[in-house]
Amino acid sequence: DAGKTTLSEALLVAAGALRAPGRVDYGSAFLDTDPAEQRRGVTIFSKQAYFETGDLAVTLLDTPGHVDFSPEAERVLQVLDLAILVISAADGVQSHTVTLWQLLKRYRVPCFIFFNKTDRQTDSREALLASLRARLGGEFIDFSRPAASPDFAEELSLLDEKLLNRYLADGTAPSDAEQAALFQSRRLFPCFFGAALHQKGIQELLHGISRLFVPPVYPEEFSARVFKIGTDEKGARLSYLKITGGSLS
């Protein structure tokens, strides 16, 4: 209930792939297409959508968040190039958040944090970040601040000895490429704040994805991983897969 589907729809709208977002609580969400999902107001099956931001072509996978449907989410985690872990700013880190974090760590998935529902937030941003560090462990840095601010550059430099020595010597802040390398190696976890229902913080998140994510280079030899089995309208079996090399006709 942190608002993953609402955030997914907000990203699609902000990127121009969707004209207007649906509402999970109204059963009109673009990504919650199953009658059971519309009736219960929760995501049960993982869904995919496509959008472009900057020079990136993105396949978005919206997963269930409820623990009852966690196997569906775990299968998707194995094919992600990056993850956005959504946390309700009103509720903070939940027990299932810790479970998902451990799975992302197991599969070595680079990860953004998006604190959603900040319009209902009671704790300060500093308190939310402190809770993250205490419960999850990791270098969580607030990316909603101006990139030119000295405290931001200093926090980033502290993540790497060479970057720190250079910063102390001449004040040079880590470049976008250096930040992307820290993110890709899971030494940096950028944090964003917003309210997806009201389209707040979405453009900043999209900008962060465009700036920090470097698409992987895949080999020419064909390989793929199936992450979901479904059926079409006529009952025929469908295999959803991610191509990790070559191409498939």
(request) State plainly whether one hydrophobic cluster holds both Val214 and Val58, where clusters connect Ile, Leu, Val, Met, Phe, Trp and Tyr through side-chain heavy atoms under 4.5 angstrom apart. (result) no

(request) Over all heavy atoms of both residues, which pair between Val93 and Leu132 is shortest? Give the atoms and the distance, please. (result) CG2-CD2, 3.8 Å

(request) For the residue pair Tyr218 and Glu220, confirm or rule out a side-chain donor-acceptor distance under 3.5 Å. (result) no

(request) Please state whether the rings of Trp101 and Phe189 are parallel, tilted or perpendicular, taking 30° and 60° as the class boundaries. (result) perpendicular

(request) Write down the atom of Ala153, the atom of Tyr167, and the distance for their closest heavy-atom approach. (result) CB-CE1, 3.9 Å

(request) Check Leu104 against Arg186 and note the closest heavy-atom contact, atom names and distance. (result) O-NH1, 3.7 Å

(request) Look at the side-chain heavy atoms of Ile, Leu, Val, Met, Phe, Trp and Tyr, link any pair under 4.5 Å apart, and say whether Ile243 and Phe227 land in one connected group. (result) no

(request) Indicate yes or no: does Asp81 engage Lys242 in a salt bridge with an N to O separation below 4.0 Å. (result) yes

(request) Give the C-alpha distance, both sets of side-chain angles, the deciding distance and a yes or no for side-chain contact (heavy atoms from CB on, under 4.5 Å) between Ile202 and Leu7. (result) CA-CA 8 Å; Ile202 306 305; Leu7 174 61; 3.6 Å; yes

(request) Give a yes/no verdict on a cation-pi contact between Arg125 and Phe115, requiring under 6.0 Å between NZ or CZ and the six-membered ring centre and an angle within 45° of the axis. (result) no

(message) Under 4.5 Å between side-chain heavy atoms, counting indirect links through other Ile/Leu/Val/Met/Phe/Trp/Tyr residues: same cluster for Ile87 and Val98 or not?
(response) yes

(message) Would Leu188 and Leu156 count as a side-chain contact (heavy atoms from CB on, under 4.5 Å) here? Give the steps.
(response) CA-CA 8 Å; Leu188 164 65; Leu156 288 171; 4.0 Å; yes

(message) Once rounded to the nearest 0.5 Å, what's the spacing between atom CG of Leu82 and atom CZ of Phe183?
(response) 5.0 Å

(message) Is there a continuous path of hydrophobic side-chain contacts, each under 4.5 Å between heavy atoms, that joins Tyr50 to Leu248?
(response) no

(message) Minimum heavy-atom separation for Arg187 and Leu159, please, with both atom names.
(response) NH2-O, 3.0 Å

(request) State the CZ-CG distance between Arg166 and Asp170, to the nearest 0.5 angstrom. (result) 7.0 Å

(message) Testing the 3.5 Å rule here: is there a donor-acceptor pair between the side chains of Ser88 and Asn116?
(response) no

(request) Using a strict cut-off of less than 4.0 Å between a Lys/Arg side-chain nitrogen and an Asp/Glu carboxylate oxygen, indicate whether Asp62 and Lys47 qualify as a salt bridge. (result) no

(request) Output the distance between atom CD (Glu178) and atom CG (Asp160), rounded to the nearest 0.5 Å. (result) 8.0 Å

(request) Check whether the ring centres of Phe193 and Phe114 lie less than 6.0 Å apart, and answer yes or no. (result) no

(request) Indicate yes or no: does Arg145 engage Asp151 in a salt bridge with an N to O separation below 4.0 Å. (result) yes

